[in-house]
Amino acid sequence: MAENLNDLRAYILVAQVGSFTKAAGQLGVSQSALSYTIKTLEDRIGVKLLNRTTRSVSPTQAGERLLEDIEPLIAGIDQKLGKLNEFRDSPRGTLRINSSEHVINVLLWEKLAKFAKNYPDIVLEITTDYALTDIVKDRFDIGIRLGGDIDKDMIAVRVTPDVQMAVVASPDYLAINGTPVSPKDLINHRCLTMRLPRHENIMGWEFQSTEKKQLQNVIHYRPQSAMIVNHAHLLVKGAVDGLGLAWIPSAMAENELNNGALISVLNEYAISYDGYYMYYPSRNASPLFRLFVDALKLNVD
C-alpha cells in the first residue's frame, strides 16, 4: 500500500517528540489537523501506532517497529531530495552536444572552454560527426548545424556569423597545375573531397554565380575526387601538402591562408551560408541548459 511520505514524516515527528502539541508547532499545522492525519494513517494501514494519554504520546509496539524501519529510509529520501538543490544553487550535470569537428575546433572552442572553466561541475560530452544526427533519438541535449539543416520543430539559436567558403590550394600546386579562374576549370584539377556519413555520394561543391542572367545564383559542382576523406581537417592537410584543391570554410584554414601555406582561388565565386545554429527540443528548458545557451549564442550587440 502506497503511503503519503508527509503522513509518515508527521508520525515520525510525533513519536520522536512525544507530543501532538509540539509536533504540530514544528510542522506549522493545528493539533487537531495533525491528530486527524495520524488517525487516518492508522486506519489506512489497520494498525494502532500511538498510545495517547492526556499527558503523553508514545509509540505502540507496532509503532516502534515502524519507526525503526522507516525513520532511516525517510531521512535518506530527504537527504537525496536536498541534494537536488545543488542543481538550482550551483549548476551541475552533463550536457551531451553533437556537432561537426569544424564547428567545435574552429568556431566555438573558445566559448566552450570558457564555459567549462566557469562551471567546473558541468560535464560537457562533445561528439563530432558530419551526419545529420537525430538528437532526440540519439539522446543528445543539443545539436549544432547550419541553419538550413535544422528540423522545423526545434528551437534554434544562432551561435556563429555567416560561414564563408573558399577553394584553397598550396602555392606549389598552383605553380605546377595553374590557377582556376572559374568553376568550369575545376575539371582539369585534382580535387580533395569529403564523403558524409550515411550518404553514398561525395559532398558537392557550391559557388555563387557572377552571371546576373541566371535564374539560380548557386552553381552546383560535383568534383572528380583525387582523394576522399571523412574529416575536414584532412582536406586542409592535403591542400597544404600540394595534393590538390579543397573546398572548405575559410575560417578552417585561416592560419594557413595568413602564413601563405594556402592560397584562396575563385574568390569572386565564393559562396557564404547562413551561420551555425544551436538547436534543441522545446521541452528542454532547465537552468543548466539555459546557462549553456546564453554562453554560446551569437552576440549581435
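- Looking only at side-chain heavy atoms (C-beta outward), Asp185 and Leu266 stay at 4.5 Å or farther from each other.
- Here the CZ-OG1 distance, from Arg52 to Thr60, works out to 9.5 Å after rounding to the nearest 0.5 Å.
- Here the closest non-hydrogen pair linking Ala24 and Leu34 is N-CD2, 3.5 Å.
- Distance alone, capped at 3.5 Å, is enough to place a donor-acceptor pair between the Ser99 side chain and the Ile144 backbone.
- Checking side-chain atoms of Arg195 against main-chain N and O of Ile228 turns up no donor-acceptor pair under 3.5 Å.
- With sequence neighbours excluded, no residue forms a salt bridge (Lys or Arg N to Asp or Glu O under 4.0 Å) with Arg65.
- Every residue was checked against the side-chain hydrogen bond (donor to acceptor under 3.5 Å, both in side chains) condition with Asp241, not counting sequence neighbours, and none meets it.
- Proximity of a side-chain donor or acceptor of Glu206 to a complementary backbone N or O of Met165 within less than 3.5 Å is not detected.
- You'll find the side chain of Ile271 stays beyond 4.5 Å of the side chain of Phe207, heavy atoms only.
- Using a 4.5 Å cut-off on side-chain heavy atoms (C-beta onward), Leu41 and Leu8 make contact.
- Legend: residues meeting side-chain hydrogen bond (donor to acceptor under 3.5 Å, both in side chains) with Gln26, ordered by chain and number and at least two apart, are absent.
- A distance-only check finds a donor-acceptor pair linking the side chain of Glu101 to the backbone of Ala232 [under 3.5 Å].
- Taking each heavy atom of Val57 and Val14 in turn, the nearest pair found is CG1-CG1, 4.0 Å.
- Put simply, OG on Ser100 and CG on Leu146 are 7.5 Å apart, with the number rounded to the nearest 0.5 Å.
- The two residues Val106 and Ala251 make their nearest non-hydrogen contact at CG1-O, 3.4 Å.
- Side chain of Ser250 to main chain of Gln164: a donor-acceptor pair is present (N/O by atom type, distance under 3.5 Å, no hydrogens or angles).
- Applying the ring pair (Phe, Tyr, Trp, His ring centres under 6.0 Å) definition to pairs two or more places apart or across chains, those involving residues 154-183 are Tyr173-His189.
- For residues 251-267, every residue pair satisfying the side chain to side chain donor-acceptor pair (under 3.5 Å) rule, not counting sequence neighbours, is listed here: Ser264-Asn267.
- Annotation for Trp205 and Pro223: closest pair NE1-CG, 3.6 Å, computed over non-hydrogen atoms.
- When side chains are defined from C-beta on, Leu192 counts as touching Leu243, because their heavy atoms get closer than 4.5 Å.
- Remark: Asp162 engages Arg158, Asp274 in a side chain to side chain contact (heavy atoms under 4.5 Å, CB included) (not counting sequence neighbours).
- Separation of atoms CE (Met252) and CG (Leu235) is listed at 7.5 Å; rounding is to 0.5 Å.
- In terms of the side chain to side chain contact (heavy atoms under 4.5 Å, CB included) criterion, residue partners of Asp172 (sequence neighbours excluded) are, by chain and number, Ser170.
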Could you walk me through whether Leu234 and Met227 pass the side-chain contact (heavy atoms from CB on, under 4.5 Å) check?
CA-CA 10 Å; Leu234 295 176; Met227 177 182 287; over 6 Å; no
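- Here the side chain of Glu42 pairs a donor or acceptor atom with the backbone of Leu49 at under 3.5 angstrom.
- Ring geometry for Trp247 against Tyr273 counts as perpendicular: the plane angle is over 60°, on a 0 to 90° scale with 30° as the lower cut.
- The structure places CG of Leu27 at 11.0 Å from CZ of Phe20, a figure rounded to the nearest 0.5 Å.
- Surrounding CD of Glu110 are at most 12 heavy atoms belonging to other residues, nucleotides or ligands under 6.0 Å away.
- Shown here are the side-chain hydrogen bond (donor to acceptor under 3.5 Å, both in side chains) partners of Ser225, two or more places apart in sequence or in another chain: Thr193.
- One hydrophobic cluster, built from ILVMFWY side chains closer than 4.5 Å, holds both Ile45 and Ile74.
- No more than 12 heavy atoms of other residues, nucleotides or ligands shown are found within 6.0 angstrom of CD on Gln61.
- Looking at residues two or more places apart in sequence or on another chain, you find no salt bridge (Lys or Arg N to Asp or Glu O under 4.0 Å) involving Arg190.
- Hydrophobic clustering, with ILVMFWY side chains joined whenever heavy atoms are under 4.5 angstrom apart, groups Val47 together with Ile70.
- The shortest side-chain heavy-atom distance between Arg139 and Arg96 falls under the 4.5 Å cut-off.
- Using a 4.5 Å heavy-atom cutoff, the side chains of Ile104 and Trp109 are in contact.
- There is a path of hydrophobic side-chain contacts, each under 4.5 Å, that joins Met203 to Val218.
- Atom NE2 of His231 is separated from atom CG of Asn105 by 10.5 Å, given to the nearest 0.5 angstrom.
- Atom OH of Tyr276 and atom CG of Leu107 lie 7.0 Å apart (nearest 0.5 Å).
- A pairwise comparison of heavy atoms in Ala15 and Leu67 identifies CB-CD2, 4.1 Å as the closest pair.
- Annotation: side chain to side chain contact (heavy atoms under 4.5 Å, CB included) contacts of Tyr36 (sequence neighbours excluded): Thr40.
- For Phe292, the ring pair (Phe, Tyr, Trp, His ring centres under 6.0 Å) test picks out Phe115, with sequence neighbours left out.
- In this structure a side-chain-to-backbone donor-acceptor pair under 3.5 Å is present from Lys111 to Leu296.
- At least one side-chain heavy atom of Leu66 sits less than 4.5 Å from a side-chain heavy atom of Tyr11.
- The stretch residues 9-33 participates, sequence neighbours left out, in these salt bridge (Lys or Arg N to Asp or Glu O under 4.0 Å) pairs: Arg9-Asp78.
- The two residues Val293 and Tyr280 come nearest to each other via the heavy atoms CG2-CE2, 4.0 Å.
- For Ile187, the CD1 atom counts as loosely surrounded, since its 6.0 Å shell holds 12 or fewer non-hydrogen atoms of other residues, nucleotides or ligands.
- No single ILVMFWY cluster, assembled from side-chain heavy atoms under 4.5 Å apart, contains both Tyr221 and Val181.
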Determine, stepwise, if the pair Asn98 / Asp138 fulfils side-chain contact (heavy atoms from CB on, under 4.5 Å).
CA-CA 10 Å; Asn98 180 276; Asp138 294 337; over 6 Å; no
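- Between Leu245 and Pro180 the shortest side-chain heavy-atom distance falls below 4.5 Å.
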